[in-house]
Amino acid sequence: MEPSHIEENKSLNFIEEIIDNDLKEGKYDSILTRFPPEPNGYLHLGHASSICLNFGVAKKFGGKTNLRFDDTNPVTEDTEYVESIQEDVQWLGFEWANIFYASDYFDQLYDFAVQLIKQGDAYVCDLTSDEIAAQKGTPTEVGTNSPYRNRTVEENLQLFADMKAGKYKEGEKTLRAKIDMTSTNMLMRDPLLYRIKFAHHHRTGDKWCIYPMYDFAHGQSDSIEKITHSICTMEFVPHREVYDWCIDKLGIYPSKQYEFARVNVNYTVMSKRKLKQLVEEQHVAGWDDPRMPTISGMRRRGYTASAIREFCDRAGIAKREKINDISLLEFCVREDLNKISLRRMAVFNPVKVIITNLENEIVLDIENNPEDETTGYRQVAFTKEIYIEREDFVEEPQKKVFKMEVGKTIRLKGAFIVTCDSVVKDVDSNIREIHCSYHPDSKSGQDTSGIKVQGTLHWVSVQYAVPVEVREYNRLFKVENPNAEEGDFKEYINEHSLDIIPTAYAEPELANATLNDHFQFLRKGYFYLDKDSTKDKIIFNKTVGLKDGFTKK
RNA sequence: UGACCGAUGGUGUAACGGUAGCACAGAAGUUUUUGGUGCUUUUAGUUGAGGUUCGAAUCCUUGUCGGUCAACCA
């Protein structure tokens with residue numbers, strides 16, 4: 001296969017450049033990448049970036065991508081995560097060539113270990129965890145050799161077989177690579193290859209009581225699958241030396257590792273460990289809480305896969321530490337939702353308006369989406385009693401305010417121009433109702449009144465409105481970078497990250513909303529049906545607000 | 001007092017020794033039956049110091065700053 005055609009005008013990121021060169025030099029006929037999550041948590045936006053990169057470059061250069069679960073630590077892994085990860089990858093719009101598990105390779109990995117032992121490149125060590133740490137040295141001091149380093153091949157073979165047979169307790173023995181205790185790379189100081197764990201594995205059950213470490217599983221798994229470009233994040237840079245060492249000693253297919261910097265976004269955290277804490281300590285309602293930067297949380301909130309892909313694309317791939325501005329993500333979400341969302345009206349904090357000169361209801365046809373005329377129109381009844389937002393009525397006249405006030409004339413979206421005549425207050429001088437008269441010749445689309453108005457308000461019919469719960473979300477953390485602050489990151493959780501409006505009034509069409517629909521509530525923002533909605537309790541999540549041009553003085 | 005990785009507007013990202021560009025954010029204007037959208041304009045940048053070169057964001061030296069590494073995690 002020939003190297004593919006790249007759009008001339010768009011520059012390649014450094015990974016794509018490497019691949020492009022490899023292909024041009026004929027180093028590979030085609031490329032194969034992999035996305036290798038550990039099934040110990042839900043995927044987040046950082047993973048989305050990795051997914052887009054791995055699947056994206058393969059697609060771009062005519063290659064393929066495997067999904068491989070890096071399941072070498074049975075105590076933290078679970079099938080729940082395996083399932084959510086598959087769902088998330090597919091939802092994002094990617095197809096894997098194969099789905100594999102590192103645990104598929106346990107037999108072969110065991111044989112690899114035996115091979116290293118026979119070559120004199122690995123040994124069984126009896127040191128405890130603490131002892132190993134002590135003789136490992138520090139980044140500035142070399143380590144010292146284990147007293148078990150020079151066991152004979154025969155002895156090592158027997159000991160390793162006994163480890164596998166379950167003759168030793170956890171922590172009693174490990175298999176270590178014999179590399180160099182004086183290396184400036186701590187990971188090259190005789191890294192552990194296998195450890196004993198009497199744990200039930202989600203796929204291999206109780207077959208094994210020894211499990212390979214990351215460094216003895218990942219590179220070999222890549223090699224077994226003949227992955228050409230193994231792309232991971234920067235913290236694995238020092239592991240590359242071990243990765244290459246294993247492949248070299250084993251004499252197997254030389255997959256190559258490349259590293260890029262992980263994606264961060266301000267006002268949130270992007271680490272599985274921290275997200276897990278938020279879930280387990282119930283700071284959020286679950287992995288798919290709409291405030292979470294997880295794929296499932298964003299999906300539930302109403303973000304689209306294409307918006308997330310666009311964000312990953314715009315955020316780019318590089319090697320430097322970076323914290324993206326959340327506003328870029330929100331821009332991508334709005335950009336997509338503006339095009340596809342159906343326009344609807346909902347009033348969150350109602351005040352009643354009486355159209356004094358209207359007796360019989362008038363059925364209006366209102367456009368579903370001005371950005372897409374193929375979505376057509378819906379029918380909405382204009383009735384004598386309607387709700388508008390309480391905040392859309394002002395008692396004190398203000399200049400340049402597009403709201404209703406006594407004596408002022410404004411338009412009701414998709415309906416008529418109305419003039420506000422008076423207000424009725426209760427004994428506590430709260431506004432009970434507002435009296436308006438409508439101009440019959442100002443019907444939307446057929447306006448012959450010639451009246452110019454300053455402002456258009458959204459509204460719903462009192463008679464036909466359906467009550468819905470609305471959930472609005474704010475940033476999860478009060479500070480831009482919770483990781484950089486003093487103390488525990490959870491001290492910076494924003495306690496006002498969720499606002500619930502128990503009863504908002506929505507136009508009746510919204511009672512038929514499904515998880516396939518994205519809505520824009522006019523002048524409010526984008527909303528998406530929550531998956532926990534029922535017939536009797538309809539819940540909408542605010543995906544993101546409209547851009548607010550009102551900030552000017 | 002180590003090794004490795006990195007440093008371009010507020011943020012993110014281009015440039016491959018030859019005009020520092022793009023996007024987001026910000027500002028101004030315009031259109032508008034959403035204070036949305038669209039359109040126009042605009043503010044703002046090469047980590048410091050040396051060197052190589054006709055010419056350096058780019059190459060070299062050195063300083064500074066940030067990140068990573070001492071889990072039987074991945």
Side-chain angles (χ1 to χ4, degrees), chain A residues 10-13 17 36-38 40 70-73 75-77 102 125 127-129 132-134 136-143 170-176 183-187 189 192-197 210-211 213-215 217-218 232-241 259 261 263 266 272-273 311 314-332 334-335 338-339 343 345 366-367 370-371 400-403 410-417 442 444-445 447 453 455-458 520-526 545-552:
Chain A
K10 209 189 172 195
S11 57
L12 302 178
N13 65 49
E17 241 167 54
E38 182 187 13
N40 66 346
D70 223 339
D71 56 350
T72 57
N73 186 3
V75 302
T76 58
E77 295 153 7
C125 184
L127 256 26
T128 65
S129 180
I132 289 177
K136 195 146 201 167
T138 69
T140 53
E141 299 165 68
V142 298
E170 287 189 12
E172 215 171 294
K173 284 186 165 47
T174 57
L175 183 72
R176 293 229 258 165
S183 173
T184 53
N185 180 353
M186 297 289 288
L187 289 163
R189 322 241 264 225
L192 266 59
L193 268 24
Y194 266 91
R195 77 289 213 189
I196 298 168
K197 272 183 196 286
I210 56 171
Y211 292 94
M213 299 286 291
Y214 168 85
D215 282 319
H218 200 99
C232 61
T233 45
M234 293 297 291
E235 66 268 28
F236 290 98
V237 169
H239 290 261
R240 190 174 62 229
E241 208 176 346
E259 312 86 9
V263 168
N266 56 7
K272 241 193 275 184
R273 201 191 100 247
F311 169 79
R314 286 178 185 251
I317 298 296
K319 296 182 84 161
R320 68 182 113 164
E321 278 301 307
K322 57 186 170 189
I323 301 180
N324 279 276
D325 201 307
I326 184 73
S327 65
L328 179 62
L329 212 209
E330 293 182 341
F331 168 82
C332 294
R334 287 193 190 101
E335 185 185 43
N338 177 52
K339 292 195 200 96
R343 300 321 118 115
M345 293 191 285
I366 305 183
E367 63 192 353
E371 304 293 321
K400 291 202 100 178
V401 174
F402 302 166
K403 295 186 175 183
I410 54 95
R411 175 171 287 281
L412 293 171
K413 175 67 186 180
F416 295 88
I417 290 172
S442 68
S444 184
D447 185 355
V453 294
T456 301
L457 303 184
H458 63 278
Q520 182 194 112
F521 291 180
L522 251 49
R523 304 208 300 138
K524 289 282 184 191
Y526 296 98
L546 256 21
K547 192 177 164 193
D548 191 5
F550 184 44
T551 49
K552 40 186 133 168

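A note on names: the letters A, B, ... follow the listed sequences, proteins ahead of strands, and every chain is numbered from 1. Hydrogens, waters and symmetry mates play no part in the numbers below; they use all other heavy atoms, side chains included.
Taking only distance into account, the side chain of A/R320 meets the base of B/U8 through a donor-acceptor pair shorter than 3.5 Å. In this model, a side-chain donor or acceptor of A/R343 finds a partner on the base of B/U34 within 3.5 Å. One can find a donor-acceptor pair under 3.5 Å joining the base of B/U34 and the side-chain atoms of A/Q520. The base of B/G36 lies close enough to the side chain of A/E371 for a donor and an acceptor atom to sit less than 3.5 Å apart. With hydrogens and angles ignored, no donor-acceptor pair under 3.5 angstrom links the side chain of A/R523 to the base of B/U34. For B/U34, the base has no donor-acceptor partner in the side chain of A/T456 [N/O atoms by modelled type, under 3.5 angstrom].
Within the 4.0 angstrom heavy-atom criterion, base atoms lie near A/F236. Within the nucleic acid shown, A/T174 comes within 4.0 Å of at least one base atom, counting heavy atoms only. In this structure, A/N338 reaches the bases: a heavy-atom distance under 4.0 Å links it to at least one base atom across the strands shown. Among the protein residues, A/L328 comes within range of the sugar-phosphate backbone only, with heavy atoms under 4.0 Å from sugar or phosphate atoms but none that close to a base. Note on A/P370: a base of the nucleic acid sits closer than 4.0 angstrom, heavy atoms only. Within the nucleic acid shown, A/G414 comes within 4.0 Å of at least one base atom, counting heavy atoms only. As judged by a 4.0 angstrom heavy-atom cut-off over every strand, A/P139 is placed among the base-contacting residues. Contact annotation for A/G455: no contact, since no heavy-atom pair falls under 4.0 Å across all strands. Counting non-hydrogen atoms under 4.0 angstrom, A/T138 reaches a base of the nucleic acid. Counting any heavy atom pair closer than 4.0 Å across all strands shown, A/L127 reaches a base atom. Residue A/I317 is classed as a sugar-phosphate contact, given heavy-atom separations below 4.0 Å to backbone atoms only. Using a 4.0 Å heavy-atom distance criterion, A/L457 is classed as making no nucleic acid contact. Using a 4.0 Å heavy-atom criterion, one finds that A/F331 contacts the sugar-phosphate atoms exclusively.
Within the structure, a side-chain polar atom (N or O) of A/R195 is placed less than 4.0 Å from OP1 or OP2 of B/A74. Look at A/T72 and you'll find a side-chain N or O under 4.0 angstrom from OP1 or OP2 of B/A74. Remark: A/S11 is not in phosphate contact with B/A14, judged by side-chain N or O atoms under 4.0 Å from OP1 or OP2. A close approach under 4.0 Å does not occur between any side-chain nitrogen or oxygen of A/K197 and OP1 or OP2 of B/C72.
Sequence order on RNA chain B of the closest nucleotides to A/M234 and A/T76 puts A/M234 first from the 5' end. In this structure, A/Y526 and A/D325 both approach RNA chain B, and ranking their closest nucleotides by distance from the 5' end singles out A/D325.
The interatomic distance linking A/N324 (CG) with B/C24 (C1') rounds to 10 Å, in whole Å. Protein atom CG of A/D548 is 10 Å distant from nucleotide atom P of B/G26, rounded to whole Å. If you measure from atom CZ of A/F311 to atom P of B/U11, you get 15 Å, rounded to the nearest angstrom.
Remark: ring of A/F402 overlaps the six-membered base ring of B/G35 in a stacked fashion, centroids less than 5.5 Å apart, planes less than 30° apart.
One finds the CZ atom of A/F402 at 10.5 Å from the CZ atom of A/R523 (value rounded to the nearest 0.5 Å). Taken from CG in A/L187 to CG in A/L192, the straight-line distance is 11.5 Å, to the nearest 0.5 Å.
B/A71 is unpaired under the Watson-Crick or G-U wobble criterion, no partner having all donor-acceptor distances under 3.5 Å. Using the Watson-Crick or G-U wobble rule with both distances under 3.5 Å, B/A15 pairs with nothing in any strand shown. Pairing partner, B/C65: B/G6, with both Watson-Crick or wobble hydrogen-bond distances short of 3.5 Å. Applying the Watson-Crick and G-U wobble criteria (two distances, each under 3.5 Å), B/G26 pairs with B/U42.
Between A/E335 and A/R314 a salt bridge is recorded (basic side-chain N to carboxylate O distance below 4.0 Å). With respect to the salt-bridge test (charged N to carboxylate O, under 4.0 angstrom), the residues A/E170 and A/K197 do not qualify.
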Determine, step by step, whether A/S183 and A/E241 satisfy the side-chain hydrogen bond (donor to acceptor under 3.5 Å, both in side chains) criterion, reporting the C-alpha distance in whole Å, the side-chain angles of both residues, the deciding distance to 0.1 Å, and the verdict. CA-CA 11 Å; A/S183 173; A/E241 208 176 346; 4.8 Å; no

Full working for side-chain contact (heavy atoms from CB on, under 4.5 Å) between A/H458 and A/R343: CA-CA 11 Å; A/H458 63 278; A/R343 300 321 118 115; over 6 Å; no

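In this pair, A/H239 and A/Y214 present their aromatic rings perpendicular. The plane angle is above 60°, beyond the 30 to 60° band.
Nucleotides B/G35 and B/U19 have their P atoms positioned 46 Å apart, rounded to a whole Å.
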